[in-house]
Colleague: 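Take a look at this one; I'll ask things after.
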Amino acid sequence: MPRIASGIQNSAVAQIFDEVADLLEIQGENPFRVRAYRNAARTVRDLPEAVTDLVRRGERDLTELPSIGTDIAEKIRTIVTTGGLPLHKELCAKVPPGLLQLLRIPGLGPKRVKLLHAKLKITSAADLQTALDSGRVGKIKGFGPKTQEQMRAALGQKTMEAGPRRLLLFEAEEQAEALRRWLEDGGSFDTLTVAGSYRRRRETVGDLDFLVTSAATANVIARFTSYPGAVRVISKGEIGAAIELQNGLRADLRALEPDAYGAGLLYFTGSKAHNIELRQIAQARDLKLNEYGLFKGSRRVAGRTEAEIYEYLGLDFIPPELREARGEIALAREHRLPKLVELAEIKGDLQMHTTATDGRATLEEMAAGAQKLGYEYIAITDHSKRVSMALGFDAARLREQWAAIDKLNARTKGFTILKSIEMDILENGEMDLPDDVLAEADYVVATIHYGLNQSSEQLTHRLLAAIRHPFVDAIGHPTGRRLGRRERESYAVDFETVVRAAVESRCLLEIDGHPERMDLPDTLAAAGKRAGARFVLSTDSHAVNNLPFMKYAVDVARRAGLESRDILNTRSLAEFRRGLKRAVKSGSKR
DNA sequence: GCCGTTTTCGGCCCGACTGTTTTCAGTCG
């Protein structure tokens with residue numbers, strides 16, 4: 001049994017492999033060896049469980065994972081047991097690690113970084129700045145004035161250390177819609193789709209890819225590059241252009257021929273890894289796939305729609321949300337793709353707040369807003385008393401709110417407010433409200449807000465206590481991660497143990513669609529589904545205009561491959577109630 | 001370094017754009 005170095009996260013293992021890839025590349029190593037490390041990094045990063053657990057249990061052969069062979073499997077074991085990798089240390093000794101930072105500068109890749117190091121002994125951003133100022137860089141072949149200017153600009157930006165921030169899907173959506181309106185006001189195109197990770201509905205978006213078909217391509221490109229929200233034009237060609245928006249977001253435009261529309265859509269939607277797998281399938285059939293179509297020799301055999309390309313390759317149509325090279329292509333070949341849940345199937349919202357605690361709208365306003373969205377029911381889940389900052393409820397105030405809800409329900413037809421609470425799981429694993437109150441609730445979602453820095457054992461223990469509690473129906477925002485400005489990693493919980501307990505206890509797992517949470521993350525929700533877990537979708541709304549966040553919860557669910565049967569709030573109110581743990585426990589099933 | 005519907009060796013996705021070049025390498029997505 002190997003000793004496990006404590007606290008090595010998947011992301012840390014992945015980062016070591018990514019750095020190995022960068023360092024090898026700067027050395028001019030075999031590019032395919034470089035790619036092997038990058039692929040391995042991606043596999044580890046996407047893993048739904050802790051790689052340390054995989055190694056510790058030793059029951060599963062790491063080489064069964066995609067892009068992990070005997071060599072890298074051994075290296076993973078080394079990293080997990082010792083906390084480091086000798087190869088990584090050797091490379092860092094040979095190649096100054098400061099060079100990795102230089103790779104972040106647009107236009108600087110491994111070849112040029114290597115050249116700068118070899119010719120000018122540059123090992124850091126500061127060195128580069130000095131060399132630029134003294135004019136030594138300009139003397140190297142291949143470093144013209146434009147390249148130098150580009151490097152100066154990048155060095156002057158504060159974002160150098162962190163790299164450009166990916167925008168929340170919600171923020172990207174605002175940007176994309178504004179730019180779309182600008183293009184639409186300019187007329188002159190037939191169709192417009194925003195592709196990329198935006199179309200795949202990833203929780204964060206690195207750039208925006210606009211695809212158009214138009215009889216007047218030059219006009220569209222001109223309109224695009226004159227967008228008032230652009231700070232500069234990155235590139236401009238005959239069939240496309242790229243601009244940088246005010247917040248650092250990059251937007252690409254590409255004009256497509258109608259006959260190649262599907263091929264372009266496929267290509268620009270990605271993911272890159274998905275496309276590479278498709279091209280390999282094409283290649284094995286003596287075909288070539290590029291953004292202009294699927295070709296047999298010089299003849300285009302498919303390309304007008306994505307569906308006809310998939311069909312020609314012997315695959316069912318794969319929805320964009322699943323295109324991550326996580327096994328969806330094999331499912332498509334075997335006609336086993338899930339029928340993904342849709343927003344219209346959601347019949348209720350299971351987490352929201354009111355002015356009684358930290359919300360900005362009253363009970364009545366939230367209910368009215370939810371009714372407008374066509375819901376059959378909602379749960380009002382204000383905080384419990386542990387969240388004192390938000391004026392969380394004690395038993396007495398909670399019962400007052402429930403009395404108000406009873407009155408409201410009595411005069412409303414076809415819409416029901418469930419008497420609920422977002423109840424804190426205390427640091428010692430106890431519930432924040434007594435059992436007799438929780439027993440009276442229609443629905444209880446339990447969450448952790450405090451003691452986030454506890455050990456994995458403590459945090460897991462707390463979640464298990466809630467999961468096994470007879471009146472806790474669901475675990476809310478189960479990993480506690482945050483995205484965006486208040487970014488925060490997941491709590492250090494043993495998620496596999498948590499999921500197993502949730503399945504055993506019939507406790508639901510929430511997918512919180514708030515744009516700063518999107519929690520569960522998609523890979524964990526997918527792992528939960530494989531283990532047999534059931535889910536609820538919610539918005540965690542704190543205002544009426546938050547209620548549409550449900551679409552982001554649906555995005556996560558779709559990326560996780562969830563179907564309506566996996567999600568309890570796709571059911572009518574009666575079925576929803578019957579599906580709750582408390583209904584089974586109290587014997588109302590008969 | 002990974003991987004296998006022709007394979008355990010010999011492949012490994014594909015094209016646009018830029019800058020600095022007179023025909024292309026490097027970078028990027």
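Throughout, a chain's letter reflects where its sequence line sits, starting with A, and its residues are numbered from 1.
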Colleague: Under 6.0 Å from the ring centre and within 45 degrees of the ring axis: does the NZ or CZ of R112(A) meet both conditions for the six-membered ring of F143(A)?
Modeller: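 So R112(A) does make the cation-pi contact.
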Colleague: Taking for each residue the nucleotide of DNA chain B with the nearest heavy atom, is it R250(A) or K288(A) whose nucleotide lies nearer the 5' end?
Modeller: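 Result of the comparison: K288(A).
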Colleague: Counting heavy atoms from C-beta on, name the nucleotide in dC12(B), dT20(B), dG1(B) closest to the side chain of K146(A).
Modeller: dT20(B)
Colleague: Indicate, with a heavy-atom threshold strictly under 4.0 Å, whether Q280(A) touches base, sugar-phosphate, or nothing.
Modeller: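 Sugar-phosphate, no base atom in range.
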Colleague: Once you apply a heavy-atom cut-off of 4.0 Å, does P66(A) come out as touching a base, just sugar-phosphate, or nothing?
Modeller: sugar-phosphate
Colleague: Under 4.0 angstrom, heavy atoms only, what part of the nucleic acid is I239(A) near: base, sugar-phosphate, or nothing?
Modeller: sugar-phosphate
Colleague: Look at the rings of F17(A) and Y37(A) and say which category their plane angle falls in: under 30° parallel, 30 to 60° tilted, over 60° perpendicular.
Modeller: tilted
Colleague: Check whether any side-chain N or O of K272(A) sits under 4.0 Å from OP1 or OP2 of dC14(B), and answer yes or no.
Modeller: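 No, because none of the side-chain N or O atoms of K272(A) sits under 4.0 Å from OP1 or OP2 of dC14(B).
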Colleague: Please report, rounded to the nearest Å, how far the P atom of dC14(B) is from the CG atom of L294(A).
Modeller: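 After rounding, the reported distance stands at 11 Å.
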Colleague: When you compare dG10(B) with dA16(B), how far apart are their C1' atoms, in angstrom units rounded to a whole number?
Modeller: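 To the nearest whole Å, 29 Å.
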Colleague: Side chain of T147(A) only, heavy atoms from C-beta on: which candidate in dG19(B), dG1(B), dT27(B) is closest?
Modeller: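 Nearest nucleotide to the side chain: dG19(B).
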Colleague: If you check every side-chain atom of N290(A), which of dG15(B), dT18(B), dG29(B) has the closest atom?
Modeller: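 For the N290(A) side chain, the nearest candidate turns out to be dG15(B).
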Colleague: Kindly say whether, by distance alone, the side chain of Y267(A) makes a donor-acceptor pair under 3.5 Å with the base of dG29(B)?
Modeller: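 Per atom types, the contact qualifies.
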Colleague: Mind checking N30(A) for me? I need base, sugar-phosphate or nothing, with any heavy atom below 4.0 Å counting as a touch.
Modeller: base
Colleague: Any salt bridge between R481(A) and E203(A), counting N to O under 4.0 Å?
Modeller: yes
Colleague: Determine, for F189(A) and R180(A), whether the Lys NZ or Arg CZ falls below 6.0 Å from the six-membered ring centre while staying within 45 degrees of the axis.
Modeller: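 The answer is no; the distance or angle limit is not met.
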Colleague: May I have the distance from Q283(A) (atom CD) to dG11(B) (atom C1'), rounded to whole angstrom?
Modeller: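 So the two atoms are 9 Å apart, to the nearest Å.
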Colleague: Using Watson-Crick or G-U wobble geometry with both distances under 3.5 Å, which nucleotide pairs with dC17(B)?
Modeller: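 Paired with dC17(B), as far as the under-3.5 Å criterion goes, is dG26(B).
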Colleague: Would R299(A) pass as a cation-pi partner of F295(A), given that its NZ or CZ must be under 6.0 Å from the six-membered ring centre and within 45 degrees of the axis?
Modeller: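 No, a cation-pi geometry is absent between R299(A) and F295(A).
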Colleague: Work out how far the C1' atom of dG26(B) is from that of dT21(B), and round it to whole angstrom.
Modeller: 13 Å
Colleague: For the side chain of Y292(A), counting heavy atoms from C-beta on, which of dG29(B), dG1(B), dA16(B) is nearest?
Modeller: dA16(B)
